[in-house]
Amino acid sequence: MESDKKNKPKNSDFKQQRLKGWQCIPSRKAGAVIYMVLGLLFLTVGVIITTESNSVVEVTQRYDDKCSKNETNCKVGIHIPQKMNSPVFLYYIIEEMYQNHREYSDSRSVNQLLGHEVDRDTIKSHCKPIETVGDLNTDEAKNLPSSTPANPCGLIARSHFNDTFRLSFDEGGNVKIHENGISWDNDKFRKPKDEDDTWIDVTDEHFIVWMSVGGLPKLKKLWGKIKQDLDEGHYQMYVDNFYDVNNFDGKKYVHLTTTWGLGGNIGFLGIIYILVGCFSILGSGLMAFSAYYRKKKGLFLVNDKDN
């Protein structure tokens, strides 16, 4: 009994849960007004998003079917239907690439990518099955001893995307593609003290973008920026075709797009806002009708009572 008294909370409003509370219970009229205001707000935002998204110009062209497996250099025609205002972003898209597979996404060492020294046991536990240079089996590491720990190690680094692109006008003349500033500032990697042990430059922004694992089987990653307007017309995309997608039945695309204040084409979000706005306005109408009907019914009851 003494132990129960000892553990008993103090007799205060807070500890005995006797605090006064307030709960907002709006009337039907107030609810109708609130729903109407929210509905109009959602409709306005939805129309703005849909209008701005429709102004985004996108061009997508598949190129793996135009570049044979053994053809390392190929040319793909691209038609731009209307003027694309700068900046224009160049993406590559890979279909059927499941980067979110657990064995694949876990196969890397973050400390190694940040330039820290990592022992063999750590590499073995984090980077299986690509642990040594011999496991890489790539020309980029042919000058390194096969028994040397791979730096960077892991499946993600080993399968990095290595196609390159050049864009030119159909009548001649190249379009400059800027390949810097395409990765997030907080995703910067660092070279180790002994750079001779690395088989690829981990500070290369294309590599950094690739190491950010995608969550969907349709992989879309930024490759470069074009800081000039692209007029309507025909263009040629020259591709250095090195990345093989035949072993997993994948498809490769180049994707050119403009943007607006909130990014690319997000018309689906505008449609959702419009639908929510319509339902809110409908709810407002129902609540207003309910308030009117109850008021009218109350008058009838009063009149019947007087009679």
Side-chain angles (χ1 to χ4, degrees), residues 72-73 87 89-94 97-166 176-216 219-227 239-245 247-248 250 252:
T72 56
N73 301 102
F89 296 87
L90 172 61
Y91 290 85
Y92 60 87
I93 297 174
I94 306 176
M97 179 74 184
Y98 292 84
Q99 274 197 323
N100 61 348
H101 189 284
R102 182 174 180 179
E103 183 179 355
Y104 182 90
S105 60
D106 288 346
S107 184
R108 64 175 174 179
S109 172
V110 176
N111 287 330
Q112 188 185 54
L113 293 171
L114 294 176
H116 304 313
E117 292 186 7
V118 180
D119 55 43
R120 287 181 178 268
D121 291 337
T122 302
I123 291 177
K124 187 175 181 179
S125 62
H126 287 81
C127 297
K128 188 178 180 181
I130 308 299
E131 304 170 17
T132 65
V133 171
D135 297 327
L136 291 169
N137 191 24
T138 176
D139 292 337
E140 296 167 300
K142 61 184 179 181
N143 295 326
L144 296 173
S146 59
S147 59
T148 303
N151 191 354
C153 60
L155 283 169
I156 309 178
R158 170 62 183 84
S159 60
H160 73 284
F161 185 81
N162 57 351
D163 286 359
T164 59
F165 307 98
R166 289 174 290 115
K176 182 173 179 56
I177 303 176
H178 298 265
E179 301 176 38
N180 57 337
I182 60 175
S183 62
W184 295 100
D185 292 336
N186 57 349
D187 284 343
K188 301 300 183 185
F189 299 152
R190 299 182 183 88
K191 295 181 180 180
K193 293 180 180 179
D194 190 355
E195 298 182 19
D196 295 334
D197 292 339
T198 59
W199 60 274
I200 191 173
D201 183 8
V202 296
T203 62
D204 179 73
E205 292 200 50
H206 293 301
F207 179 78
I208 295 173
V209 170
W210 177 259
M211 293 299 291
S212 179
V213 175
L216 299 174
L219 202 65
K220 179 181 176 182
K221 292 183 179 291
L222 182 62
W223 196 87
K225 301 177 183 178
I226 300 172
K227 299 181 180 180
V239 182
D240 294 328
N241 182 43
F242 301 115
Y243 197 76
D244 184 19
V245 295
N247 56 352
F248 57 89
K252 296 190 295 185

How long is the gap from [atom1] on [X] to [atom2] on [Y], to the nearest 0.5 Å?
X	Y	atom1	atom2	result
Glu131	Ser107	CD	OG	8.5 Å
Lys128	Ile123	NZ	CD1	15.0 Å
Leu114	Phe189	CG	CZ	7.0 Å
Ile156	Cys127	CD1	SG	9.5 Å
Asp119	Ser109	CG	OG	9.0 Å
Phe165	Ile177	CZ	CD1	8.5 Å

Step through the shown structure and confirm whether more than 12 heavy atoms of other residues, nucleotides or ligands are within 6.0 Å of [atom1] on [X].
X	atom1	result
His101	NE2	no
Asp185	CG	no
Asp240	CG	yes

[Y] backbone acceptor or donor facing [X] side chain under 3.5 Å:
X	Y	answer
Lys227	Pro87	no
Asp163	Asn241	no
Gln112	Ala150	yes
Asn100	Gly215	yes
Glu205	Asn180	no
Arg108	Pro152	no
Ser125	Thr122	yes
Asp106	Glu103	no

Check: [Y] and [X] side chains under 4.5 Å, non-hydrogen atoms:
X	Y	answer
Lys252	Tyr92	no
His206	Trp223	yes
Met211	Leu113	yes

Practice item. Begin from the C-alpha positions of His160 and Ile200 and carry the test side chain to side chain contact (heavy atoms under 4.5 Å, CB included) through to its verdict. Key: CA-CA 10 Å; His160 73 284; Ile200 191 173; 3.4 Å; yes
Review point. Taking all non-hydrogen atoms of both residues, which atom of Val133 and which atom of Pro145 are closest, and how far apart?
Key: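 Shortest heavy-atom separation between Val133 and Pro145 comes out as CB-O, 3.3 Å.
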Point to revise | Shortest non-hydrogen separation from Asp201 to Phe207 and the atoms involved | key: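 Heavy atoms only, the tightest pair is O-CB, 4.1 Å.
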Check your understanding: Aromatic rings Tyr243 and Trp210: how do their planes relate, parallel, tilted or perpendicular, breaks at 30° and 60°?
Key ->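 Ring orientation of Tyr243 relative to Trp210: perpendicular.
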Practice item. With side chain to side chain donor-acceptor pair (under 3.5 Å) as the test, would you mind laying out the steps for Thr203 and Lys188 before giving the verdict? Key: CA-CA 7 Å; Thr203 62; Lys188 301 300 183 185; over 6 Å; no
Practice item. Apply the test ring pair (Phe, Tyr, Trp, His ring centres under 6.0 Å) to residues Tyr104 and Tyr98: give CA-CA distance (whole Å), side-chain angles for both, the deciding distance (0.1 Å), then the verdict. Key: CA-CA 9 Å; Tyr104 182 90; Tyr98 292 84; over 10 Å; no
Review point. Gln99 pairs by side-chain contact (heavy atoms from CB on, under 4.5 Å) with which of Leu155, Leu216, Val213, Ile94?
Key: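 When side-chain contact (heavy atoms from CB on, under 4.5 Å) is applied between Gln99 and each of Leu155, Leu216, Val213, Ile94, only Val213 qualifies.
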Practice item. Pick out which of Leu222, Leu90, Ile208 makes a side-chain contact (heavy atoms from CB on, under 4.5 Å) with Ile182. Key: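 The single option meeting the side-chain contact (heavy atoms from CB on, under 4.5 Å) with Ile182 is Leu222.
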**Study point:** Cation-pi geometry met for Lys220 and Tyr91 (6.0 Å, 45°)
**Key:**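 Flagged: Lys220 positioned over aromatic ring of Tyr91.
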Check your understanding: For Arg158 and Asp135, what are the C-alpha separation, side-chain angles and deciding distance, and is it a side chain to side chain contact (heavy atoms under 4.5 Å, CB included)?
Key -> CA-CA 9 Å; Arg158 170 62 183 84; Asp135 297 327; over 6 Å; no
